[in-house]
Amino acid sequence: MKDFLKSVLASALGTFIAGMTTCALVIIAVVALVSSAGNRPEAAQAVVKPKTVLVVGNDLSINDTPAFGTPGLSDLFGGGAGPTLDLLRALEAVDLAAKDKNIVGLLLSGHLQAGLVQKAELRQAIVEFKKTGKPVIAWIENGSQGEFYMASIADKIYIHPAGEVEFKGLASFNTYYGETFKRFGVGVQVTKVGKYKSAVEPFLGDRMSEPAREQEELLLGNIWKRVIADVASDRKLSQAALIRAANTGGVFNAEKALSLKLVDGVLQRDELIERMRKAGAGPDESNTSFRQVSLNKYAHKVKFPQGGGRIAVVYAEGEIVDGWGSPEDVGGDRLARDLRFLRGDDNVKAIVLRVNSPGGSAFASDIVAREVSLLRTKGLPVVVSMGDVAASGGYYIAAKGSVIMADPSTITGSIGVFGLHFNYEELAKKISLGTDGVKTARYADLLEMHRAASPEELAVIQIMVDGVYEDFLKIVAEGRKMNRDDVHEIAQGRVWIGSMAKDIKLVDRFGGLRDAIKLAAQMAKLNSVEIIQVPSLHSGRENFLQKILSNDDNESPLFAQTSGHDPALLFLRSHLETLRSLRALNDPKGVYLSCPAKPIR
């Protein structure tokens, strides 16, 4: 009876606390949204009149996946972040603008949140836009390196006289919790295969291992070479001059940027407006600026082809987790369900699997890989299009594709496995917390968190991890038509850049998302196509709360960008990423196919 009352009281208290917490979060979210709306000029509905300029940037975030599902924690801590747009619509919108007589030019202005591979595809679309003869102009006020990389494709780059621009090279740092865990008495035990499998290192020590440093330097070095080459070509500068600039300051005021030929001119805001009008833009309704429409709003005009053979573009973006997952993750069950439904739809003639994932749960990855294999067995072409990262579990689900396409800067490979297990044995001793009980068999309490696993128990787990690694090698060997030993030679957790991955047969050819769609149509022998996206835009955002947490309309006009530099919000977001990574560690066996490399944004 005593235990029953304790259980009831605990349940009631837990329900009350959960309810109060949920109410508090909803109130915070609504207040934050109302507050941010009050601090922002209202974004007008897009009406594309003659003599309109398409504005790209301005705090726009480009993801591979269309916005769908219930907004997650990142929306609560968004702090007025700009709108989001999926890559395919962004590319199609730029193409549409090139043909639209009402669009007279394109302005690159403000921050664009996107990966390097996504930016590369968008840059290529802008190159095609330029072939129409319409001007492409870039405007920089306080430009990050990523902003300058996008701007470099423009015909002319102008900077505000009080502004600055970055060109300082790439850096990648991790936070290491190992010594902190030891201090608090939290134990971490690891079983792994692959000397380069460094995803567990932040939990074990306080610094990089030499193999991890070796591959990180190789990855960053190759990506930096690509950035240098692109900017040098676009700005008609020598690569040596750009390298010197990056090593002699990295951040340049307007005068210095002009002298280094990073920009073409220095203008005040009113002078930029006058320049845009001279380039063909009409006056806005207030007659104080120029007529403009954001890429996000203009993209509503995009209509994907209908009536032909159906090609499904399926997105796997985020960490791979067991179960259904959230919109920010690749839920293994959800993605497997989607692929299974497509397999049962006779109207679907080909699949493009867009992978932008560092991996995650080994079990979830295997569930998805099986569905990819069954699509192939049915005779459906499966073209894999890799984004910024398609590594470890991300490569596992891609390996059985008919053709694998990637960008030269895609981070891929990382064919290795690790098991990660936490315990609080030492912490319990520090605070005099006891745990006691009984068991009926030797391994009944295997990997319980109240104690560290014994060497014998770790050996049992290592056998399981070795088995998953062998499964990984087999999946890759079968999919890539290689033998096991050759795969093992390039595996061991080693991360590869796309240009190298092609040389070692992990990738078949270079190309972007739309190249993959074209190839899928060719492989399915389709003269005309109908494109569907899975998940589709706005699916699962039907209720009121989901709509108010959606930031589709959360954009600002030129010169009124939302601030992305709130120190408190940046602090929250950095720790939110850590929490999200910990949440993704939900494999039922505690075994993971994860890559530590981060995309360059």
Side-chain angles (χ1 to χ4, degrees), residues 64-66 68-69 86 88 304-318 320-325 327 329-357 359-387 390 393-405 471-472 474-481 508 513-537 539-540 593:
D64 284 349
T65 313
F68 78 102
D86 62 278
L88 186 55
F304 293 123
Q306 301 285 324
R310 187 171 294 174
I311 295 177
V313 182
V314 183
Y315 297 96
E317 184 174 28
I320 299 173
V321 299
D322 189 47
W324 205 251
D329 305 316
V330 182
D333 289 347
R334 172 166 48 85
L335 179 54
R337 187 279 313 261
D338 290 341
L339 294 175
R340 185 169 64 253
F341 281 4
L342 292 171
R343 175 162 49 90
D345 185 348
D346 291 335
N347 294 317
V348 174
K349 305 302 181 185
I351 306 289
V352 173
L353 179 60
R354 176 71 171 190
V355 181
N356 201 350
S357 171
S361 165
F363 183 78
S365 299
D366 193 68
I367 293 294
V368 174
R370 173 63 179 173
E371 290 299 331
V372 173
S373 182
L374 290 174
L375 287 166
R376 295 286 310 280
T377 300
K378 185 183 177 181
L380 289 171
V382 180
V383 179
V384 175
S385 171
M386 292 182 166
Y395 192 82
Y396 193 104
I397 67 175
K400 285 288 187 79
S402 310
V403 176
I404 297 179
M405 302 182 72
D471 289 343
F472 202 162
K474 181 181 179 182
I475 288 281
V476 176
E478 291 176 352
R480 307 307 300 154
K481 296 180 173 57
D508 293 302
L513 178 56
R514 292 195 295 182
D515 296 321
I517 294 171
K518 289 176 184 176
L519 179 60
Q522 293 171 7
M523 294 178 70
K525 299 180 180 178
L526 301 176
N527 295 322
S528 60
V529 301
E530 175 182 350
I531 294 175
I532 63 171
Q533 293 177 295
V534 182
S536 59
L537 182 65
S539 60
L593 312 174

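Contact check for Val382 versus Ser402: side-chain heavy atoms found under the 4.5 Å cut-off. Counting heavy atoms from C-beta on, the side chains of Arg480 and Ile404 come closer than 4.5 Å. Inter-residue side-chain proximity for Ile397 and Ile320 is flagged as met; some heavy-atom pair is nearer than 4.5 Å. No side-chain heavy atom of Leu342 sits under 4.5 Å from any side-chain heavy atom of Leu380. Two residues are said to be in side-chain contact when any heavy atoms from C-beta on lie closer than 4.5 Å; Arg354 and Leu88 fail this criterion.
A donor-acceptor distance shorter than 3.5 angstrom exists from the side chain of Glu317 to the backbone of Asp64, with no hydrogens or angles considered. Of the possible polar contacts, none joining the Arg343 side chain to the Leu374 backbone as a donor-acceptor pair under 3.5 Å is found.
For Tyr315, the ring pair (Phe, Tyr, Trp, His ring centres under 6.0 Å) test picks out no residue, with sequence neighbours left out.
Here the closest heavy-atom approach between residue Ala390 and residue Val355 is recorded as CB-CG1, 3.8 Å.
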Side-chain donor/acceptor pairs under 3.5 Å, residues 515-531, sequence neighbours excluded:
from	atom 1	to	atom 2	distance (Å)
Asp515	OD2	Gly512	N	2.8

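Counted within 6.0 Å of CZ on Arg370, heavy atoms from surrounding residues, nucleotides or ligands total 12 or fewer; the atom is thus considered open. When the shell of 6.0 Å around NZ of Lys378 is examined, it contains more than 12 heavy atoms from other residues, nucleotides or ligands.
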